[in-house]
There are 2 protein chains.
Amino acid sequence: MATIYEVAELAGVSPATVSRVLNGKTVRPPHERSVKAAIAELGYRPSRRARSLRTKQSEMIALIIPDIENPFFTSLARGAEHVTRKAGYSLVLCNTDDSPENEVQYVETVQAEHMPGAIVAATGSGHSFTPLLDEGRPLVAVDRHIEDPRADAVMADNLAGAIEATEWHVRQGRERIACISGQPSVETARERVRGWREVVDRAGGAPDEYLIWSDYHVLGGDSAMRRLLSLPNPPDAVVVANNLMAIGALTALAQLGVSTFDIGVSVCGTLPYVISAPPGVHTVPLPAREIGERAARLLLGRIDGDTEPARTIVLDSDGADVRSREPR
Amino acid sequence: MATIYEVAELAGVSPATVSRVLNGKTVRPPHERSVKAAIAELGYRPSRRARSLRTKQSEMIALIIPDIENPFFTSLARGAEHVTRKAGYSLVLCNTDDSPENEVQYVETVQAEHMPGAIVAATGSGHSFTPLLDEGRPLVAVDRHIEDPRADAVMADNLAGAIEATEWHVRQGRERIACISGQPSVETARERVRGWREVVDRAGGAPDEYLIWSDYHVLGGDSAMRRLLSLPNPPDAVVVANNLMAIGALTALAQLGVSTFDIGVSVCGTLPYVISAPPGVHTVPLPAREIGERAARLLLGRIDGDTEPARTIVLDSDGADVRSREPR
DNA sequence: GTGAAAGCGCTAACAA
DNA sequence: TTGTTAGCGCTTTCAC
């Protein structure tokens with residue numbers, strides 16, 4: 001690959017002048033022309049790493065997520081990629097498999113590559129990311145908060161979503177509404193339980209066995225649903241707290257020959273590629289793509305020097321702003 | 001962030017010695033100890049960009065794919081990420097939306113960041129990538145070939161898959177087997193049509209209207225299926241050439257109230273998260289994740305200096321090797 | 001085995 | 001407006 005020196009020599013100017021042309025500084029037109037000609041002739045591309053070493057900037061953003069195979073994160077990634085690409089940034093895909101060790105490895109990568117910031121869906125509390133915040137790198141949490149007041153966040157309105165999911169059952173005339181959620185260490189799992197409980201309590205509450213803390217995976221939804229069905233007094237409706245568990249739960253129903261007429265299912269999240277939503281199934285979409293887009297825009301703003309206090313952006317099912325909160 | 005000089009000073013050695021410790025060269029044990037202590041104390045991380053500028057190497061690989069939201073590419077990405085992470089490399093997610101302009105932009109990113117190679121599912125012939133091959137950067141094509149003998153490739157056995165998908169219908173006693181494929185410019189679409197035709201021709205062929213060149217998207221599958229059903233002499237079975245079109249086709253059937261008993265469906269690819277495969281639906285899985293893993297391993301080998309002639313690795317539905325071909 | 005010094009390709013002062 | 005020069009943080013000769 002050609003260097004700036006070769007371009008300079010071919011164009012008959014100094015490397016500094018080439019640099020100026022590259023960076024849109026004012027240069028006398030004839031010089032500019034010959035520099036551009038030389039660039040074209042040599043097929044020259046400025047070296048980002050050399051520039052980066054000098055300017056201490058980098059156009060590389062980390063997207064740190066637990067599972068790219070979960071369609072929620074896939075859509076989120078798509079949204080983030082779209083925005084970052086348009087801004088001339090590249091997205092580094094960091095899949096952690098929900099493992100803190102992998103998170104730490106990727107934190108080190110962010111440091112080693114001097115990435116100016118990251119979009120993060122953390123496993124647990126997110127303390128792995130403290131080093132990055134300490135160094136002043138902006139972080140935008142997505143889907144779940146990071147336990148650090150310096151990080152921005154973009155989230156769905158999980159409470160409202162769970163309330164809507166549960167109220168739908170009520171409107172259908174269901175009276176024994178259960179809930180399958182994720183692990184209690186996960187913020188969204190807790191929030192959705194809170195929404196479910198709020199509605200259920202208004203109608204006199206639900207027995208303890210109606211709440212199952214599962215794991216957000218397909219198999220977890222499957223076994224949770226089986227457990228609910230085997231109860232002495234089984235529910236007539238279930239709120240499922242995420243997309244993958246919903247698939248598991250619906251699979252269990254299908255295999256057991258139980259119709260969604262007998263037991264209604266309402267889902268916090270979008271069912272990926274449902275061939276045709278069975279009757280009795282309701283879905284409260286999660287604006288995954290919009291979360292990714294908003295997070296990317298927020299992060300780019302921070303990188304650009306926005307020093308406002310950290311914000312939490314909450315999006316409703318349509319991806320519209322619910323409210324913006326000041327630092328927690 | 002601390003630099004190698006600060007570490008050297010704290011450890012009472014020269015930067016060169018610190019560098020040697022970092023790179024595992026032989027250094028007198030006491031020195032090594034004090035250097036390591038200094039590194040720990042300062043929380044020092046070597047700057048990859050500085051090292052990269054000096055060594056002309058980089059641990060960043062581009063994954064260039066048309067659509068991360070297609071579960072096939074999602075799984076492929078997952079496999080590639082897994083392998084590259086273990087090898088200390090990072091994956092840059094390059095989503096092209098099937099647009100050559102975006103491909104070109106990402107080719108420029110690969111150059112600017114001096115990435116040593118890329119995994120590529122190209123739009124069209126893949127000529128966008130010639131500059132990279134000209135510079136000697138190894139490329140591994142996935143899913144579809146690149147029209148360049150210098151690029152390796154890892155693919156599914158699409159011909160065999162389509163044959164199996166079609167023969168399944170034959171075994172079910174179907175007699176009028178149609179095919180919904182992608183655009184003829186796409187290699188996999190052509191291969192799968194070839195497989196379908198091979199089986200169908202053995203049984204006396206199929207009318208022209210039974211072959212639909214659609215577009216690999218959900219809506220394409222939907223409208224293609226509707227078109228087939230409205231034929232004067234509609235088929236009693238359909239081979240659908242990819243996962244997304246299969247979803248569209250099945251949705252159409254469901255909406256029209258046609259059962260898969262009346263019209264069998266056989267799919268080249270994996271149906272993502274099917275709640276329960278309807279009877280009369282058959283699936284020939286595509287080893288997406290394995291393709292990603294193999295491609296990553298192959299690419300890392302090339303980066304590592306493997307200069308054997310370009311190979312095409314073909315994997316069957318289980319992800320096992322079918323054969324390896326010499327350059328085409 | 002270790003240190004001094006040069007240089008990777010770029011940008012930013014500073015002079016001219 | 002332009003060129004000269006120094007330096008970003010590292011690795012790698014080359015002496016010692």
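Reminder, nothing fancy here: chain letters follow the sequence lines and each chain counts from 1.
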d(B/Met1 CE, B/Thr3 OG1) to nearest 0.5 Å is 9.5 Å
Taking atom P of D/dC8 as reference, at what distance in whole Å does atom CZ of A/Arg49 sit?
19 Å
Taking any heavy-atom pair under 4.0 Å as a contact, classify A/Arg20: base, sugar-phosphate, or nothing.
base
C/dG1, OP1 or OP2 - any side-chain N/O from B/His31 closer than 4.0 Å?
no
5' priority, DNA chain C, between B/Leu53 and B/Gly12 [closest heavy atom]:
B/Gly12
Does C/dG9 have its OP1 or OP2 closer than 4.0 Å to a side-chain nitrogen or oxygen of B/Lys56?
yes
Looking at B/Arg289 and A/Glu69, is there a salt bridge between them, counting it only when a charged N and a carboxylate O are closer than 4.0 Å?
yes
With a 4.0 Å cut-off, would you call A/Glu32 and A/Arg28 a salt bridge?
no
Measure CZ/A/Arg45 against C1'/C/dC10 and give the value in whole Å, please.
16 Å
A/Ser14 side chain near D/dG3 phosphate (N/O to OP1/OP2, under 4.0 Å)
yes
Against the side chain of B/Tyr5, the closest entry in C/dG9, D/dC10, C/dG3 is D/dC10
Please state whether the phosphate of D/dG3, meaning OP1 or OP2, lies under 4.0 angstrom from any side-chain nitrogen or oxygen of A/Thr17.
yes
Atom NE2 of A/His114 and atom C1' of C/dC10: how far apart are they, to the nearest Å?
15 Å
Which one, C/dC10, D/dT2, D/dT12, comes nearest to the side chain of A/Val27?
D/dT2
Side-chain N or O of A/Ser47 closer than 4.0 Å to phosphate OP1/OP2 of C/dC10
no
Take the protein atom CG of B/Asn23 and the nucleotide atom P of D/dT13, then report the distance between them rounded to whole Å.
13 Å
Between D/dG9 atom P and B/Glu9 atom CD, what is the distance in whole Å?
14 Å
Does the side chain of A/Gln105 reach to within under 4.5 Å of the side chain of A/Thr96, using non-hydrogen atoms?
no
Closest-nucleotide ordering on DNA chain C, the 5'-leading residue of B/Thr55 and B/Ala16:
B/Ala16
Separation of D/dC10 atom P from B/Glu6 atom CD, nearest Å, is 9 Å
With a 4.0 Å limit, can you tell me whether B/Thr26 has a side-chain N or O closer than that to the phosphate oxygens OP1/OP2 of C/dG1?
yes
Distance-only polar pair, side chains of B/Thr55 and B/Gln57, donor-acceptor under 3.5 Å
no
Rounded to the nearest angstrom, tell me the gap between atom CZ in B/Arg54 and atom P in C/dG7.
9 Å
Taking for each residue the nucleotide of DNA chain D bearing the nearest heavy atom, is the 5' side occupied by A/Arg28 or by B/Lys25?
A/Arg28
B/Ile4 CD1 to C/dA5 P: how many Å, rounded?
17 Å
